[in-house]
Number of protein chains: 2
Amino acid sequence: MTTRVPQERRRRRPTRSGVLLSEDLIVETALRLIGEHGPEALSVRRLGAALGCDPTALYRYFDGTDDLVLAIADRIIGEAMAGFAPGADWVAGLREMALRVRAGYLAHPRAAALAAHRVTRRRNEIRAVDTGIGLLLSAGFPPAEAARLYLAFIDTVLSHAATEAAFHALPRQGREADQRAWRDAYQDLDPVAYPALTAVRRELPAMADSSFEQSVDLLLQALEARAPLTRPGGSARPRSAASLP
Amino acid sequence: MTTRVPQERRRRRPTRSGVLLSEDLIVETALRLIGEHGPEALSVRRLGAALGCDPTALYRYFDGTDDLVLAIADRIIGEAMAGFAPGADWVAGLREMALRVRAGYLAHPRAAALAAHRVTRRRNEIRAVDTGIGLLLSAGFPPAEAARLYLAFIDTVLSHAATEAAFHALPRQGREADQRAWRDAYQDLDPVAYPALTAVRRELPAMADSSFEQSVDLLLQALEARAPLTRPGGSARPRSAASLP
DNA sequence: ATATTGGGTCAACCCTGTTGACGTAAGGCG
DNA sequence: CGCCTTACGTCAACAGGGTTGACCCAATAT
C-alpha cells in the first residue's frame, strides 16, 4: 500500500525559483490549475511548472499520480462537508448532504472522475458516513435497515456525482458532442422503429441536463415513504401526501 | 467533427498479416484486450498489435480513441438488451432492463469503467432509450415527465453499474482490502465522535455488499407512486416481503 | 484497361508518468 | 563553529501514449 510521507516534514529547501514546497501547497496548486485551465491541465509536468519546481520534485511528497489524486480527493470531501450541521428534518439533511457532495465533486471534475469510485476510508469519509446513518436512525429506521438504506443513498449520490464529474471532465469537444447528440442524432428517427422516442421528441434536448436532483428527490421520496417516524419538517413536498401515516 | 464511416464498407484490403479489418472485429478485439489485460491495455498501439495491423489503420474506422470507446459501449448495450421484450407490467420491465444493463457491464467490468458514463448515440443505445421511455409512457406519464424520469432512471442504473464494475475491475487484493475495511477500519471507532456508526457497528460488514437492487427498488417504488395509471401486475411489490427479517 | 480512391503503412511530433543518479544545502550534533 | 548525514530539488533519460501527414498499393468503378 502507499508508503505515504511519515510525519511532519522538518527540513525545507526552497526550489530554484524560491518556493517552499509542501503537501498542502501542491494540492492547492493542483486544484487551482484544474479550476483555471480545465480538467486536462493536471499533469505532473504542468503542476511542476505551476509550482516553479522540477516536476519530479513532487515524487518527494507523493508516491505518484494516484497518491496525489487521493490527497486531492480527501481535501474535496473536507471542503464539501465543512460546517455541515444537519437540523431536525432528516430528509432535508440528506438532501443537503447530497447537494454538498455533488457540488464538491463538480468543483473539481477531473480529480473527482479519478477518485470517484474509490473508498477512501479516511477521516472525512468516516465522519460523513456517521452523519448520514445518524440521520436515518433519527427517522426511526432500525440499525440494519439504516445501514442498508444509507448505502443505497450514498451510492446513488456518489455514482451520480461521479457520472456528472466524468462528463465535465471530458475534453470540451466530446462534451459538446454528447450534448448535441440529444438534439441531432435523436431527432430524425424512423417513427415506426422508435415510437416512444418520436412521442417525446420535443423533450429530448432536455436529456442533456442533469438528472441528479430528480434522482435524489425520487430516492428521498421512497425513503420517506418507508420511514417509521414522520419527519419533523412536515410534508413540504407535494408527493409526500401519498406516503404512509 | 465526427465524420463517421458513412455506410457499408465496400473496399477491403488485407493487412500485412492478412487480416481483414472491420469495425466489428476491432471492437471485439478491443473488448478481448481489455478483458484479458485490464483497461490500461487499451491503446491504439496495443490494439494495432493485437489485430496485426499498423496502429494508425484504426483511424480509418474511428475518429479517435473516444469514438472507439463509444463503439465499445454501444456493443455492451446491445449484448445486454438482446432479446429483451417487455410485457405489460412496466415496473417489472424497467426492473429487468436495469438488471440486464447491470449484467452487461459486469460481464465487461474493465470496459465498463471507460464506457458507462458516455452517450454513444448509436443504434443499440437509441433502441434501449426508446424501450425505456416507452415503458414510462405506458404507465401514463406525459411525454415531458416520461423523458425526465427515464433520464433519472437510466442515470441511476448506469452510474450504479459503473461503480460496481469499477469495483469488480479492481485487482483481487484491493477488492478484499476494501471489503475488509468495513470490518476493520470502521470497527474500532470512538463512540463519542461517531455515535451512529457505533450504533450500527454490527451491520457494517454488510456495507461491502452491492446496493444496486436496493437502489433500483427504491427508485421504482417512487416511480410507481407517481404513476398516473396503476400497473397491470397489481401492487404485490417484492420490496415489503423482501425486507430483512 | 484505365482512373479513382479507400485504406494500410511509415516516420515523426509532442505529450505522459516514472526512475535513478547527482549534488547541494539544511539541520542535528559534537 | 564546523562536520556529517540526509532530505530533497534537479537533471537526463526511458517507455509509452494519441494523432497527423505523406506515401503508395491495390481493389473497385467505368
Side-chain angles (χ1 to χ4, degrees), chain A residues 2-23 25-26 29-30 33-34 37-72 110-111 114 169-174, chain B residues 1-26 29-30 33-34 37-72 114:
Chain A
T2 52
T3 31
R4 308 209 61 258
V5 176
Q7 73 275 12
E8 279 310 301
R9 193 170 301 264
R10 294 168 307 174
R11 299 178 59 174
R12 293 294 192 77
R13 190 178 161 186
T15 76
R16 150 163 303 187
S17 66
V19 184
L20 272 180
L21 291 181
S22 72
E23 201 164 324
L25 179 63
I26 294 175
T29 307
L33 210 62
I34 295 171
H37 304 299
E40 53 277 348
L42 181 62
S43 80
V44 179
R45 287 174 150 84
R46 264 195 268 250
L47 185 50
L51 282 163
C53 71
D54 190 277
T56 62
L58 305 177
Y59 286 87
R60 304 290 179 191
Y61 295 83
F62 302 97
D63 289 339
T65 306
D66 202 65
D67 198 34
L68 171 61
V69 165
L70 285 184
I72 292 174
R110 169 114 162 104
L114 291 179
L170 282 179
R172 216 165 140 275
Q173 241 175 350
Chain B
M1 47 171 181
T2 51
T3 24
R4 303 214 62 258
V5 177
Q7 73 277 14
E8 279 310 301
R9 194 170 300 266
R10 296 165 305 172
R11 308 191 38 188
R12 291 296 191 76
R13 189 179 161 186
T15 75
R16 148 162 305 186
S17 65
V19 184
L20 270 181
L21 291 182
S22 73
E23 201 164 325
D24 276 349
L25 179 62
I26 294 174
T29 307
L33 213 62
I34 294 171
H37 303 109
E40 60 279 354
L42 181 62
S43 78
V44 179
R45 288 172 151 87
R46 261 197 269 248
L47 186 50
L51 282 163
C53 70
D54 189 276
T56 61
L58 305 177
Y59 285 85
R60 304 289 179 191
Y61 294 84
F62 301 96
D63 289 338
T65 307
D66 195 66
D67 199 34
L68 173 60
V69 166
L70 290 184
I72 292 174
L114 298 175

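Numbers restart at 1 for each chain; the letters A, B, ... are given by sequence-line order, proteins then strands.
Distance CG (A/D67) to P (C/dT19): 12 Å, rounded to an integer number of Å. The CZ-P distance, from B/R16 to D/dC25, rounds to 12 Å in whole Å. C/dG8 atom P lies 9 Å from atom CG of B/L58, rounded to whole Å. Nucleotide D/dA26 holds its C1' atom 13 Å from the CG atom of B/L20, rounded to whole Å. Summarising the geometry, the separation between CG on A/D66 and P on C/dT18 is reported as 8 Å, rounded to the nearest angstrom. Atoms CZ (B/F62) and P (C/dG6) sit 18 Å apart, rounded to a whole Å.
Five base pairs at each end of the helix from C/dA1-D/dT30 to C/dG30-D/dC1 define two local axes, and these are offset by 10° (rounded to 10°).
A/L70 has its side chain out of reach of A/F62: every pair of non-hydrogen atoms, C-beta onward, lies at least 4.5 Å apart.
Looking at residues 41-54 of chain B, you'll see B/R45, B/C53, B/D54 sit with a heavy atom under 4.0 Å from some atom of DNA chain C.
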Identify each atom pair where a protein N or O and an N or O of nucleotides 21-23 of chain D are less than 3.5 Å apart, giving names and distance.
none

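The side chain to side chain contact (heavy atoms under 4.5 Å, CB included) test applied to B/D24 returns B/S22, B/E28, B/R75, not counting sequence neighbours. For the side chain to side chain contact (heavy atoms under 4.5 Å, CB included) test, residues two or more places apart in sequence or in another chain that qualify with B/R46 are B/L33, B/A41, B/S43. Residues forming a side chain to side chain contact (heavy atoms under 4.5 Å, CB included) with B/T29 (at least two apart in sequence, or on another chain): B/L25, B/R32, B/L47, B/A50, B/L51.
Scanning both residues, B/P55 and B/V44, for their nearest heavy atoms gives O-CG1, 3.4 Å. Closest of all the heavy-atom pairs between A/I72 and A/A30 is CD1-CB, 3.8 Å. Shown here for A/L21 and A/A57, the closest heavy-atom pair between the two residues is CD1-CB, 4.0 Å. Between A/T15 and A/G52, the closest heavy-atom pair is OG1-O, 3.0 Å.
Interatomic distance, CZ of A/R45 versus CG of A/D54, reported as 9.5 Å (0.5 Å rounding). Remark: A/L58 CG to A/T56 OG1 distance equals 8.0 Å, nearest 0.5 Å. Residue A/L68 holds its CG atom at 9.5 Å from CG of A/D66, rounded to the nearest 0.5 Å.
Nearest-nucleotide positions on DNA chain D for A/P14 and B/T65 put A/P14 closer to the 5' end.
Closest to the side chain of B/Y59, from the set D/dG9, C/dT9, D/dG18, is D/dG18. The nucleotide whose nearest atom lies closest to any side-chain atom of A/Y61 is, among C/dG8, D/dG9, D/dC11, D/dG9.
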